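Whatever order the structure lists them in is the order used to number ligands and atoms, beginning at 1. Not measured: the values here are computed from a predicted model.
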Amino acid sequence: MSLTVVGSIAFDAVKTPFGAREKMLGGSAVHFALAASFFGDVRVVGPVGDDFGASEYEVLRARGVNTDDVEHIPGGKTFFWAGEYGENLNDRETLDTQLGVFGDFAPKLSEASRACDVLFLANIQPDLQREVRQQCAGARFVALDSMNLWIETAPDSLRETIAGVDAVMLNDAEVRQLTGEASLLRAAREIMSWGPSAVVCKQGEYGAALFDADGFFALPAYPLERVVDPTGAGDSFAGGLVGYLAAHPDEGIGSPLLRGAMAYGTTLGSFNVEEFGTERIQKLTGDEVSARVDDLERMTRFDGAPVALRG
Ligand code: AMP
């Protein structure tokens with residue numbers, strides 16, 4: 001498979017009810033790439049500063065992620081994000097965002113990254129996402145993530161970027177904010193009328209819903225006794241979903257494949273939240289992923305016998 005992701009490569013400071021980390025590897029492209037690496041080759045595109053060292057590269061390379069297009073900007077500082085979660089881990093507050101090397105980043109993709117079959121535009125400024133999309137003109141499937149910051153500060157650019165992709169993955173609040181529609185179904189249909197053929201609404205601990213031409217499909221989140229840090233769950237979910245699609249190059253991307261992809265996305269997202277940052281995915285094995293997907297499939301199978309109803 002050939003899968004390219006562009007997005008943030010970051011240091012994160014995170015506080016949750018279960019502990020804190022002052023500076024850990026993060027970023028939308030990093031979480032995505034680590035999750036997608038279970039399915040095959042992934043190339044990461046994004047800038048880093050002088051503070052991004054050998055141990056950070058090693059986390060990616062240890063999982064076989066290709067970092068040739070990680071651009072080191074001399075004298076620059078790596079993107080930094082700080083956030084805090086309350087008792088309800090579905091809600092978080094951004095405490096700090098320092099763009100650093102993203103301030104004047106102009107993506108320059110290598111020939112190999114441009115030639116990708118599948119492209120993921122992880123969460124960054126939508127103009128940058130569009131530039132990358134244009135460089136990967138031959139990609140057969142392109143998906144995009146974004147966030148409230150860009151919906152509020154660059155709505156026209158985001159909408160233009162969305163018009164050029166096949167699938168949009170946002171959380172439910174973002175889908176509503178983007179469209180002004182309270183109903184997720186109406187909101188998803190509105191987004192699909194701009195161009196994409198599928199919309200995935202992430203709903204945190206409640207799971208995720210897929211809207212496409214065939215209708216609707218939803219999966220609950222895999223139930224966990226303990227969630228330590230939700231940071232990167234959405235990107236890991238996307239990495240599982242898009243990685244699965246990229247690993248099926250000979251199948252058309254319709255509902256059956258997308259439903260399988262939802263199960264892998266749900267599973268990778270669930271592992272990500274078990275520890276801080278990338279800590280859990282770094283030691284995750286393919287066998288653990290397969291076992292949890294089987295479990296999820298067993299839990300969500302439904303075969304209710306009919307019953308006579310009155311009225
Ligand atoms: P998620 O929890 O999946 O929504 O993604 C969390 C990751 O997104 C963190 O590792 C952050 O470094 C990264 N992130 C946060 N804010 C931004 C932003 N404005 N642009 C790009 N990446 C961001």
Run the side chain to side chain donor-acceptor pair (under 3.5 Å) test on Ser2 and Asp117 for me, step by step, so that the C-alpha distance in whole Å, both residues' side-chain angles and the decisive distance to 0.1 Å come before the verdict.
CA-CA 5 Å; Ser2 74; Asp117 183 39; 5.1 Å; no
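With a 4.0 Å cut-off on non-hydrogen atoms, Met169 does not touch ligand 1 at all. At a heavy-atom cutoff of 4.0 Å, ligand 1 is contacted by the side chain of Phe79 but not by its backbone. Both the backbone and the side chain of Asn123 come within 4.0 Å of ligand 1, judged by heavy-atom distances. Contact annotation: for Gln125 versus ligand 1, there are no heavy atoms closer than 4.0 Å. Residue-level proximity to ligand 1 for Ala233 is carried by the backbone, the only part with a heavy atom below 4.0 angstrom. Here Leu149 has side-chain heavy atoms under 4.0 Å from ligand 1, and that is the only part of it that gets that close.
Listed by atom number, the atoms of ligand 1 under 4.0 Å from Thr231 heavy atoms are 2 (O), 6 (C), 9 (C), 10 (O). For ligand 1 and Gly232, the ligand atoms under 4.0 Å from any heavy atom of the residue are 1 (P), 2 (O), 3 (O), 5 (O), 6 (C). For ligand 1 and His31, the ligand atoms under 4.0 Å from any heavy atom of the residue are 10 (O).
A chain of hydrophobic side-chain contacts below 4.5 Å, direct or via other Ile, Leu, Val, Met, Phe, Trp or Tyr residues, connects Phe237 to Phe216.
Ion pairing between a basic and an acidic side chain is recognised when a charged N comes within 4.0 Å of a carboxylate O; Glu190 and Arg186 show no such pairing.
What sits closest to atom 16 (N) of ligand 1 on the protein, heavy atoms only, is Trp81 CD1, 3.5 Å.
Scanning all heavy atoms of the two residues, the minimum distance from Ser110 to Arg43 falls at OG-NH2, 3.7 Å.
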